> 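Mind looking over this structure? Questions follow.
The chains referred to below are lettered A, B, ... by the order of the sequence lines, with proteins before strands, and numbering in each begins at 1. This structure is a prediction, so every number in the text was calculated from the model and none was measured.
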Amino acid sequence: MMHLRKPGMTAQYEPLRRAFYQRPTVDVAQDLLGKLLIRRTEEDGVTILRLTEVEAYLGAGDRACHTFGGRRTPRTEVMWGQAGFAYIYFVYGMYHCLNVVTVGPGEPEAVLVRGGVPVTGEALMVTRRGGRRRALADGPGKLCQAMALTREQNGLDLCSRGGGLWIADDGVRPSIEKIQRLPRVGIAYAGEAASWPLRFVWSPRTRDLRR
DNA sequence: GACCAGATGTACT
DNA sequence: GTACATCTGGTCT
């Protein structure tokens, strides 16, 4: 597979600054494509994914969003806070989903991180995925499994390396025409919002993955 | 390939 | 009690 960075230099990537996240959620979602999701743990070291699929969730007016209608519960509390923090929740009794909070306090919007391709630490991701060598992180549950993300990482600040989870820019720029806008997945209950084109999918060719 | 059932815990009604 | 921002392994083509 694609090892485009030497493992030794991987942890040096600077976290995106908070201003990146303090923008309209749709802009943040689209701009996250091609960025590096970096995970560092004491036990395992560093794993990195390049993001290829995200969804925007637009807060109180979005029936598919956990904060629809202004819902504010212990689970959704992180979404109500500062942009640039991780909102991780448990679904279907066995999986986790990673979101990044956008906009700012009192505007509970977020981007669901749905998929990425391995850049560094692929063997470790395979181990975390129970030995499955394919489809390592092409869905939100798989992505969290490959990156060892659970509710323990809920509320981490992505603008700091201290929590072992951050997002960085290494200069790769998806070309706009390679990005598809589609309806979001798994939200048929959301009425009109189910058809909103808030899912962003980047299908990179190998050469697109280089700077 | 497509389709389907089952697994499972939490939030919320 | 019900629905859920999912995935896997089985079956069938």
> So, for T102(A) and A110(A), which heavy atoms are closest and what is the spacing to 0.1 Å?
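Minimum heavy-atom contact is OG1-N, 3.5 Å.
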> On a heavy-atom basis, which atom in R17(A) and which in C159(A) lie closest, and how many Å separate them?
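So the two residues come closest at C-SG, 4.0 Å.
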> Please answer whether the main-chain N or O of Y13(A) pairs with a side-chain N or O of W166(A) as donor and acceptor at a distance below 3.5 Å.
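Yes, W166(A) side chain to Y13(A) backbone: donor-acceptor pair under 3.5 Å.
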> Below the 4.0 Å mark, does dT8(C) have OP1 or OP2 next to a side-chain nitrogen or oxygen of R129(A)?
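So the side-chain polar atoms of R129(A) do come within 4.0 Å of the phosphate oxygens OP1 or OP2 of dT8(C), strictly under.
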> Looking only at side-chain N and O atoms, does R132(A) come under 4.0 Å of OP1 or OP2 in dG9(C)?
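For dG9(C), OP1/OP2 do have a side-chain N/O of R132(A) under 4.0 Å.
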> Distance check needed: dC7(C) P versus L143(A) CG, whole Å only.
9 Å
> Does R114(A) place a side-chain N or O at less than 4.0 Å from the phosphate oxygens OP1/OP2 of dT6(C)?
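Answer yes for this pair, as a side-chain N or O of R114(A) is under 4.0 Å from OP1 or OP2.
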> Atom CG of D138(A) and atom P of dT6(C): how far apart are they, to the nearest Å?
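These atoms are roughly 13 Å apart.
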> Whole angstrom is fine here: how far is it from NE2 in H66(A) over to P in dA3(C)?
16 Å
> Roughly how far apart are M125(A) CE and T47(A) OG1, rounded to 0.5 Å?
5.0 Å
> Could you go through nucleotides 6-11 of chain B and list every protein N or O atom that sits under 3.5 Å from one of its N or O atoms, giving the distance for each pair?
from, atom 1, to, atom 2, distance (Å)
dT8(B), O2, Y92(A), O, 2.1

> Take atom NZ of K142(A) and atom C1' of dA5(C), then tell me their distance rounded to the nearest Å.
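Those two atoms, NZ and C1', are 15 Å apart.
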> Only pairs with both distances under 3.5 Å count, Watson-Crick or wobble alike; so what is the partner of dA7(B) in this structure?
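Pairing partner: dT6(C).
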> What integer distance in Å separates N99(A):CG from dT6(C):C1'?
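It works out to 14 Å between those atoms.
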> Just the rounded figure in Å: distance from P of dT6(C) to CD1 of I88(A).
16 Å
> Answer with base, sugar-phosphate or nothing: what part of the nucleic acid does I187(A) contact at a heavy-atom distance below 4.0 Å?
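Sugar-phosphate contact only.
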> What is the distance, to the nearest angstrom, from the CZ atom on R71(A) to the C1' atom on dC4(C)?
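My rounded result for the distance is 11 Å.
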> Kindly give the heavy-atom pair with the smallest separation between I48(A) and V46(A), and that separation in Å.
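Minimum heavy-atom separation between I48(A) and V46(A): CG1-CG1, 3.7 Å.
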> Please give the nucleotide sitting opposite dC12(C) as a Watson-Crick or G-U wobble pair, both distances under 3.5 Å, or none.
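dC12(C) is paired with dG1(B).
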> Rounding to an integer number of Å, can you tell me how far R184(A) CZ sits from dC4(C) P?
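Taking CZ of R184(A) and P of dC4(C), I get 14 Å after rounding.
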> Check R39(A) with D44(A), please: is the shortest side-chain N to carboxylate O separation under 4.0 Å?
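Here D44(A) does not pair with R39(A) in a salt bridge, since their nearest N and O are not under 4.0 Å apart.
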> Compare the aromatic ring of Y89(A) with the six-membered base ring of dA5(C) and state whether they stack according to the 5.5 Å and 30° rule.
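No; centroid distance or tilt outside limits.
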> Given the ring of F20(A), does R23(A) sit roughly above its face, with NZ or CZ under 6.0 Å from the centre of the six-membered ring and within 45° of the axis?
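Yes, R23(A) sits over the ring of F20(A).
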